[in-house]
Amino acid sequence: MKRPIAVIVILSFIALLGFTVLNRGVLPKADFTYAIADTIKTLDPAHTAWNEDIRMALALWEGLASYHPKTTKAISGAAHIPPKISADRMTYTFEIRQDARWSNGDQVTANDFVYAWRRAIEPGTAHVYAFLIAENIAGAKEYSQWRNRAVRALGIMKDLARAKDGSEQDKQFIRSLHLPGAEQEKPDWQEIAHRFRENHIAQMDREFEKVEIKALDDFHLQVRLARPTAYFLDLVAFSTFLPIHKSSIEKLRVTDNPAVTDLTLWAFDPQWVKPDYHRNGYPGLISNGAFTIADWQFKRYMLFKKNPHYWDRENVKSETIMVRIIPEASTAFLAYERGEINWLRDLTRLDFAPALVEKTRQGKRNDIHTCPAFGTYFYYFNCQKHLPDGSENPFADSRVRMAFNLAVDKQAIVDKVKKIGNTAARNFVPPNTIEGYSCPPGPEYNPDQARTLLAEAGYADGAGLPTIEILYNKGYGHEKIAEAISQMWAEVLHAKAILKGKEMKSFDEDKTNHRFIVCRASWYGDYSDPTTFLDMMITGNGQNDAAFSNNDYDRLMRQASDCRNQKQRFEILARREILHMIKRIQTICILLNSRNKNIIGRITK
């Protein structure tokens with residue numbers, strides 16, 4: 001789960017609020033108000049990947065399971081948990097609640113999940129978390145590959161019809177399809193594409209029937225796994241697996257854009273997540289979770305109201321919740337101190353955050369509480385052969401990556417830069433967070449070995465290295481960490497590093513498209529299993545922003561995924577060979593610190 005911060009600092013002040021006046025007007029009343037720094041990127045469950053987006057989505061929709069608020073274990077959601085599980089633990093049959101309802105009163109059915117999960121892997125709507133469905137549910141990967149091949153073929157034929165000369169690889173791909181008419185001296189690519197597209201569309205539903213997601217009736221959903229997945233119940237509570245109200249969203253399916261329909265992509269008007277959007281008779285967002293969206297003012301606030309049709313509405317304590325968007329950390333903190341905000345999730349951007357934590361240690365504030373969190377803050381190295389400008393990439397050499405890793409004193413960053421109680425990270429998977437799983441720690445700070453490795457790679461004393469840009473998103477204290485690391489690299493390796501801060505959207509685009517040399521990153525686990533971290537480094541994974549690829553690593557991860565015994569599977573993941581690969585992961589990312597969650601909660605009775 002992508003996260004833009006290293007430590008969460010939360011302010012909570014439980015009190016009734018009256019009207020809050022800003023210079024931009026009067027805000028509505030709310031029982032509970034909290035603030036976030038960035039506007040929501042998307043509420044589409046198929047696309048959510050950032051912390052705030054996922055939090056909002058889980059307030060609006062409910063999956064087959066939900067998370068226990070204290071243990072995070074899977075508990076009953078729109079379906080009863082536990083489901084019926086076959087003897088081989090590969091087939092799950094979920095029973096949908098009779099009282100599970102959409103916010104318009106409609107019954108939540110098994111088909112709502114079939115449709116939503118299909119939508120999450122369809123080209124056009126599939127996003128970075130599509131692999132959670134494609135890799136874990138029988139037939140889903142094959143269907144996704146079949147669909148993506150068709151989209152690629154239609155894209156190539158579209159270019160050929162425009163007399164664009166494609167690459168030899170593209171031409172070879174088209175030849176492999178043995179398309180009728182393509183062997184002619186002057187193929188009519190427009191006609192060939194039309195026939196291919198029509199035939200593909202006619203087959204789509206039949207091909208999807210091979211995917212083992214079956215609505216047995218309105219209240220029973222049967223899922224057959226592609227591989228043993230001990231954490232599957234955790235997955236079905238995650239945002240990618242949320243249901244969608246099909247009859248409403250289909251009103252906004254894009255059908256009048258040839259550039260979309262020609263490629264058979266699934267596409268929807270992105271405004272479908274808005275509460276007051278009514279094009280084509282769309283009724284506004286319909287959800288099945290504890291809350292609905294009552295109002296959404298861009299860059300100002302979101303107002304949530306209790307869903308009157310939610311099956312567990314009696315236990316939903318707040319009638320209304322307001323989420324205010326306040327980019328300036330100091331402004332948000334002042335609003336909290338004035339009693340305008342009940343909860344602030346993040347104070348790490350404040351220069352005086354360490355002082356607030358220290359006051360708690362001294363007993364001078366009772367609204368700051370620090371506890372461990374399931375996340376790691378780190379730096380990616382670009383592992384591709386060439387840098388974005390086309391030049392040779394020194395970090396393609398694992399010795400260079402390890403040298404830069406060993407040259408960073410992580411404990412100094414924790415003690416002298418962060419100063420709010422983080423733990424220096426030695427493992428990608430946070431230690432002591434997953435029952436039954438442990439792994440020896442990775443390498444320590446070692447300047448001498450760092451210099452030796454760099455010299456072995458041909459860059460003794462930093463000679464020959466390019467200027468290294470450290471990409472980070474502005475705010476959250478990332479600049480201070482980048483400054484400290486650049487100084488360490490200069491002192492230990494004589495390497496020159498410069499800082500490159502960007503706004504979140506541009507930063508995320510550059511990171512996702514590997515347009516960086518070194519890049520700030522962080523990760524919170526999505527489910528209670530080591531693979532929530534380790535899968536990220538598999539070749540081609542949607543979250544593999546470093547473009548890391550290693551056949552041995554991929555093979556060992558497949559071996560672990562095929563193991564049905566949980567204890568043995570953990571042993572495979574943590575044994576000497578996989579540990580070696582984890583150390584290699586550390587040479588593609590500098591693990592800096594484990595996350596802490598600093599909760600500031602002033603309680604009034």
query: If you measure only the distance, is there a donor-acceptor pair under 3.5 Å linking the side chains of Asp312 and Asn315?
result: yes

- prompt: Does Asn111 use its side chain to pair, donor to acceptor, with the backbone of Val114 at less than 3.5 Å?
  reply: no

task: Quick one: closest heavy-atom pair of Asp31 and Glu319, and the distance?
output: OD2-N, 2.8 Å

field: Arg253 to Trp266, cation-pi by 6.0 Å centre distance and 45° axis angle
entry: yes

statement: Nearest heavy-atom approach of Phe232 to Val223 is CZ-CG1, 3.9 Å

query: Side chains of Phe238 and Tyr527: does their closest heavy-atom pair fall under 4.5 Å?
result: no

statement: Value for CG (Asp262) from CE (Met157), rounded to nearest 0.5 Å, stands at 10.5 Å

- request: Could you check if a side-chain atom of Arg149 sits within less than 4.5 angstrom of a side-chain atom of Phe173, using non-hydrogen atoms only?
  value: yes

message: side-chain contact (heavy atoms from CB on, under 4.5 Å) for Ile133 and Thr240? Distances and angles first, verdict last.
response: CA-CA 8 Å; Ile133 295 175; Thr240 310; 4.2 Å; yes

- request: State whether the side chain of Arg101 and the backbone N or O of Gln98 hold a donor-acceptor pair below 3.5 Å, judged by distance alone.
  value: yes

query: Is the distance between the ring centroids of Tyr282 and Trp272 under 6.0 Å?
result: no

field: Arg147 to Phe208 six-membered ring, cation-pi geometry met (6.0 Å, 45°)
entry: no

field: Between Phe291 and Tyr310, ring centroids under 6.0 Å
entry: no

field: CD/Glu183: more than 12 non-hydrogen atoms of other groups inside 6.0 Å
entry: yes

Ala110 versus Ile96, closest heavy-atom pair with distance: N-CG1, 4.1 Å

task: Answer with yes or no whether the side chains of Tyr143 and Glu209 bring together a donor and an acceptor at under 3.5 Å.
output: no

message: What I want to find out is whether Arg569 reaches Asp529 closely enough, with some N-O distance under 4.0 Å, to be called a salt bridge.
response: yes

field: Asn513 side-chain N/O to Glu509 backbone N/O, donor-acceptor pair under 3.5 Å
entry: yes

query: How far apart are the closest heavy atoms of Gly63 and Pro243, and which atoms are they?
result: CA-CD, 4.2 Å

task: Apply side-chain contact (heavy atoms from CB on, under 4.5 Å) to Val429 and Ile434, showing your working.
output: CA-CA 9 Å; Val429 180; Ile434 300 172; 3.9 Å; yes

query: Would you say the side chains of Asp526 and Tyr129 form a donor-acceptor pair under 3.5 Å?
result: yes

query: Between the main-chain N or O of His220 and the side-chain N or O of Asp217, is there a donor-acceptor pair closer than 3.5 Å?
result: yes

- request: Just do the side chain to side chain donor-acceptor pair (under 3.5 Å) check on Tyr231 and Gln566 with the steps written out, would you?
  value: CA-CA 10 Å; Tyr231 47 89; Gln566 181 76 321; over 6 Å; no

message: Check this for me: does any side-chain nitrogen of one of Arg119 and Glu122 sit under 4.0 Å from a carboxylate oxygen of the other?
response: no

task: State yes or no: are the ring centers of Tyr380 and Phe378 separated by less than 6.0 Å?
output: yes

task: State whether Lys210 and Glu142 are salt-bridged, where the test is any N-O pair (Lys NZ or Arg NE/NH1/NH2 against Asp/Glu carboxylate O) under 4.0 Å.
output: no

message: Would you call the rings of His47 and His127 parallel, tilted or perpendicular, taking 30° and 60° as the class edges?
response: tilted

query: Any Lys/Arg nitrogen of Arg227 or Asp562 sitting under 4.0 Å from an Asp/Glu carboxylate oxygen of the other?
result: no

His200 side chain near Arg197 side chain, heavy-atom distance below 4.5 Å: no

- request: Tell me yes or no: between the side chains of Asp170 and Gln172, is some donor less than 3.5 Å from an acceptor?
  value: no

- request: Check the pair Asp188, Gln190 against side chain to side chain donor-acceptor pair (under 3.5 Å), reporting the backbone distance first and the verdict last.
  value: CA-CA 6 Å; Asp188 185 345; Gln190 186 170 348; over 6 Å; no

message: Please tell me whether Trp296 and Asp276 have a donor and an acceptor in their side chains that are separated by less than 3.5 angstrom.
response: no

task: Test side-chain contact (heavy atoms from CB on, under 4.5 Å) on Asn544 and Thr539 and set out the steps.
output: CA-CA 7 Å; Asn544 190 347; Thr539 302; 5.6 Å; no

Minimum side-chain heavy-atom gap Ile244-Pro45 below 4.5 Å: yes

query: At what distance, to the nearest 0.5 angstrom, does CE of Met504 lie from CZ of Phe507?
result: 6.5 Å

- prompt: Mind checking whether Phe533 and Phe374 have ring centres under 6.0 Å apart?
  reply: yes

message: Is any side-chain heavy atom of Met302 closer than 4.5 Å to one of Ile293?
response: yes

- prompt: Which is it for Leu252 and Tyr277 under the side-chain contact (heavy atoms from CB on, under 4.5 Å) test, yes or no, and what are the steps along the way?
  reply: CA-CA 10 Å; Leu252 297 182; Tyr277 192 67; 3.9 Å; yes

field: Contact check, side chains of Ile213 and Leu221, non-hydrogen atoms, under 4.5 Å
entry: yes

query: Just how far is it from atom CZ of Arg313 to atom CH2 of Trp311, taken to the nearest 0.5 Å?
result: 11.0 Å

Using residues 76-88 as the side-chain source, report each donor-acceptor pair under 3.5 Å to any protein atom, sequence neighbours left out, with the distance given to one decimal.
| unit_1 | atom_1 | unit_2 | atom_2 | d |
| --- | --- | --- | --- | --- |
| Ser76 | OG | Ile81 | N | 2.9 |
| Ser76 | OG | Ile81 | O | 3.4 |
| Ser86 | OG | Asp88 | OD1 | 2.5 |
| Ser86 | OG | Met90 | N | 3.3 |
| Ser86 | OG | Thr91 | N | 3.0 |
| Asp88 | OD1 | Met90 | N | 3.0 |
| Asp88 | OD2 | Arg224 | NH1 | 3.2 |
| Asp88 | OD2 | Arg224 | NH2 | 3.0 |

query: Do the rings of Phe94 and Tyr92 sit parallel, tilted or perpendicular, given the 30° and 60° boundaries?
result: parallel

- prompt: What's the shortest heavy-atom distance between Leu534 and Tyr553, and which atoms?
  reply: O-OH, 2.6 Å

query: Going by an N to O cut-off under 4.0 Å, is there a salt bridge joining Asp545 and Lys511?
result: yes

- request: Taking all non-hydrogen atoms of both residues into account, name the closest pair between Ala182 and Ile192 and its distance.
  value: N-CD1, 3.7 Å

query: Does any N or O in the side chain of Thr532 come within less than 3.5 Å of the main-chain N or O of Gly525, such that one atom is a donor and the other an acceptor?
result: no

- prompt: Given Asn307 and Thr292, is the side chain to side chain donor-acceptor pair (under 3.5 Å) satisfied, shown in steps?
  reply: CA-CA 6 Å; Asn307 180 358; Thr292 63; over 6 Å; no

query: Under the 3.5 angstrom rule, does the side chain of Asp112 hit a backbone N or O of Thr109 as a donor-acceptor pair?
result: yes

- prompt: Is the count of non-hydrogen atoms from other residues, nucleotides or ligands lying under 6.0 Å from Lys305 atom NZ greater than 12?
  reply: no

Aromatic Trp189 / basic Lys158 pairing, under 6.0 angstrom, 45° off normal: no

- request: Check for a donor-acceptor pair, side chain of Asp53 on one end and backbone N or O of Ile40 on the other, with a separation under 3.5 Å.
  value: no

- prompt: Does NZ belonging to Lys214 count more than 12 external heavy atoms closer than 6.0 Å?
  reply: yes

Salt-bridge present (Arg55, Glu52; N to O < 4.0 Å): yes

message: I need the Thr48 OG1 to Met56 CE distance, nearest 0.5 Å.
response: 12.0 Å

